[in-house]
Structures are given as structure tokens and as C-alpha cells.
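Inspection log for the structure reproduced underneath, given as C-alpha cells.
Numbering of ligands and ligand atoms starts at 1, following listing order. All residue numbers in this chain count up from 1 along the given sequence.
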Amino acid sequence: MLIGNVEVKGLARLAPMAGISNAAYRTVARECGSALTTSEEIDATGLHRKNTKTRYDIAKYLPEEKPIALQILGSNAETLVPGAQWLQDQGADIIDLNMGCPVQKITKTGRGSAMMKDVAKTAKILEAMRAALTIPFTIKIRSGWDEMHLNAVEVAKMAEDVGVDAITVHPRTRSQQFTGLSKWDMISQVVDAVNVPVTGNGDVKSMSDARRMATETGVESVMIGRGAMGKPWVFDESFEDLSPAGKYEYQTRVINRHMPLIMEHFPEKVGLIQMQRHLSWYAGGRDRVRTFRVELFGAESYQETRDVFDRYWASVDPSVSEQPNVAVV
Ligand SMILES: Cc1cc2nc3c(=O)[nH]c(=O)nc-3n(C[C@H](O)[C@H](O)[C@H](O)COP(=O)(O)O)c2cc1C
């Protein structure tokens, strides 16, 4: 798939997830086969105020990730335009606008999925962003605000008219948050309505699900969110064919790549949370995982965390690895 001039090589890619899809995790997902990665949402107001955490922590990416999409979140052109330009100047290959976040503290200030409510106002913001950016510009939307306002098709057409290069659809409404099943039919409706490439998202947990979504909806690309938590190998078709010992070895390799990336690229306070969260997911489905998690979350430094994990990991039976389909948050 081509997003503007950026080639997306492969069907499935990691979805943006706040607190999860950061540079370290995106890099391992990419190395496992994610066709492209998108940053978690980056607050335009934080960029505008030159907030250090927003600018140099959340917006950070690693050279191995290129091409990279950086996702911005905001409610007005005054902050979104300079924010997106700043991200472009940092080397982003694509700017993605978050028009799907359902969280109340975000939507009450007009950000995320609230941008789908007033289409005319949002069109002006998109126009201003399009005019200011020289790189591909994409949006990620839901099916609508609620069941009474299912306007993904209207929003997608408006976006195509103002020159947006691609659209991702997560077909749940803002009211549904993350509950219930996503309705893929809404993705098909958007595919039929626009000529720009569409990415489908929602309840994809494997590459076979991704192929099914492509066949059923006509999308050229699929995003995997929760199904990739603690499972970056979901993007590697060959993983499922490995023996239990082969899977254990593959997972060990990924963990040994991921943990140093966290230690190198985060301040220890933030990194420790990241490390424990991901290690807890990586252990999903293994023996004695509950006791392990208690010990893991009690560790107070990188070294202690790594020691707890290494002891546990060396003691598990490699032939038992029933990872749940969706990691426990
Ligand atoms: C913990 C969490 C954080 C998320 N953060 C973002 C985000 O920053 N930006 C965004 O566009 N979507 C975000 N999402 C939504 C996902 O990108 C995706 O649209 C949604 O989870 C549906 O896909 P899935 O069924 O594969 O998980 C988040 C989802 C979760 C579970």
C-alpha cells in the first residue's frame, strides 16, 4: 500500500496505543514484521508549550523504525498546525491525526472522537493541516460518536476532499469505547466511498484474522492493537509454525532485544513501568504466572526486575505457552 509516497510493505501493522506503542515496543514490533508503526497520541498543546515530556519522550522514535507515522491529538488549528509541523521537522514520514480517542477527558475538550461531531469545523482544521504539511497526512476515525451518529463515511469523504492521503477506521462508536465487537461492515462502507487507501482495525488478533478482514472489507492494510500487546510476533507468519521450544527461543530473543531498548531510551522511573508491564504480558499463559507477576511488580529497579524475570523465565516449561489472545491490561 502507498500512503502518499510512503510504501507500506506488508498487510498488518501495530496500532497506536498510549502507554504501549512507544519507541522501544514499536521497534521490536517492526522487527517482527509490523509493516509500519505509528506513535501513540502526542498532545498538540504539549508540543505547542514545548513540554519536554511530550516533545522528547512521547514523540521520540528510533532510526530503525523509519518510515514512521507520528500521531497528533488536538482540537484546533492553532495548536495542531504548528504541532504537526514540529513533528514533520523531527523527521516523521507521515502525520496521523487522532480522531478516534473515546476517553472522556480527551473528548470533553473537543479532541479525539469529538472531532467527528462537527464535520464542517473539522474540515477547516484538516485543510489548515494539509496546507501546512509537505509529507503524507492521514486520519484515524471511529464509526461515529454514537449509534445515532454513524458518520464515518461522511467524515472519510470530507477528508479525501481536503487531501488526506489515507484513512484508518476502527468501527466502534465513541460510546462503545472498547466493548462489544467492532462492525467491519462500516470499514467496507468507507472503502466503497473513497479512493484513498483505507486501513481496517478492530478485533484482529492474528495474521489470519488480518487476511479475513482484507477479504471481507477490501482494505489494503490492517492495524492490530490489543492482539499485539505482549505479542509482537503476531506480525510474523512463521511464528505459529514453530515448535514450543522454537517459540520459547523466539520470545527470549525478542525480550532480550526489547528490555535494553527500554533501559536505553527511557528515564528509569518511566522505563521500569514499561519493563514490568511488557514482561508481565510476555509471560502470559506460562506456568505460575500469577506468583511471578506479584514478584515482578514488587521489583524496584531495572536490575531487580530483570533478575526476577530471568529466574522465572529459566524455570518455565517451554512446552507450555498458551498466550491468551488479548493480553490482560
Ligand atoms: C491501551 C490503549 C491505548 C490506545 N491508545 C490509542 C492512541 O494513542 N491513539 C489511537 O489512535 N488509538 C489508540 N487506541 C486504539 C487502538 O489503536 C485501536 O484502534 C483499538 O484498540 C482497536 O483495535 P484492536 O481491537 O486491535 O485493539 C488505544 C487502545 C488501547 C487498548
Under 4.0 Å from any heavy atom of [X], which atoms of ligand 1 are there?
X    : result
E41  : 7 (C), 8 (O), 9 (N)
R226 : 21 (O), 24 (P), 25 (O), 26 (O), 27 (O), 31 (C)
F178 : 15 (C), 20 (C), 21 (O), 29 (C)

Among [options], which residue places a heavy atom closest to [atom]?
atom                    : options                : result
atom 15 (C) of ligand 1 : M229, H170, K140, K205 : K140
atom 3 (C) of ligand 1  : A18, A228, G202, G100  : A18
atom 28 (C) of ligand 1 : P16, G225, A15         : P16

From Y25, W313, W233, Y312, residue fulfilling ring-ring contact (aromatic ring centres under 6.0 Å, His included) relative to Y282
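So the option named by the test is W233.
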R172 N/O to ligand 1 N/O under 3.5 Å:
no
ring-ring contact (aromatic ring centres under 6.0 Å, His included) partners of residues 80-118, not counting sequence neighbours, each pair once:
Y56-W86
Are more than 12 heavy atoms, taken from residues, nucleotides or ligands other than K60, located less than 6.0 Å from that residue's NZ atom?
yes
Tell me which donor-acceptor pairs under 3.5 Å the side chains of residues 262-271 have, and how far apart each pair is, sequence neighbours excluded?
| unit_1 | atom_1 | unit_2 | atom_2 | d |
| --- | --- | --- | --- | --- |
| E268 | OE2 | Y302 | N | 3.0 |

Determine whether the side chains of Q177 and R142 contain a donor N or O and an acceptor N or O closer than 3.5 Å.
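Result is no, nothing qualifies.
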Verify the distance criterion only: is there a donor paired with an acceptor across the side chains of R288 and S315 at less than 3.5 Å?
yes
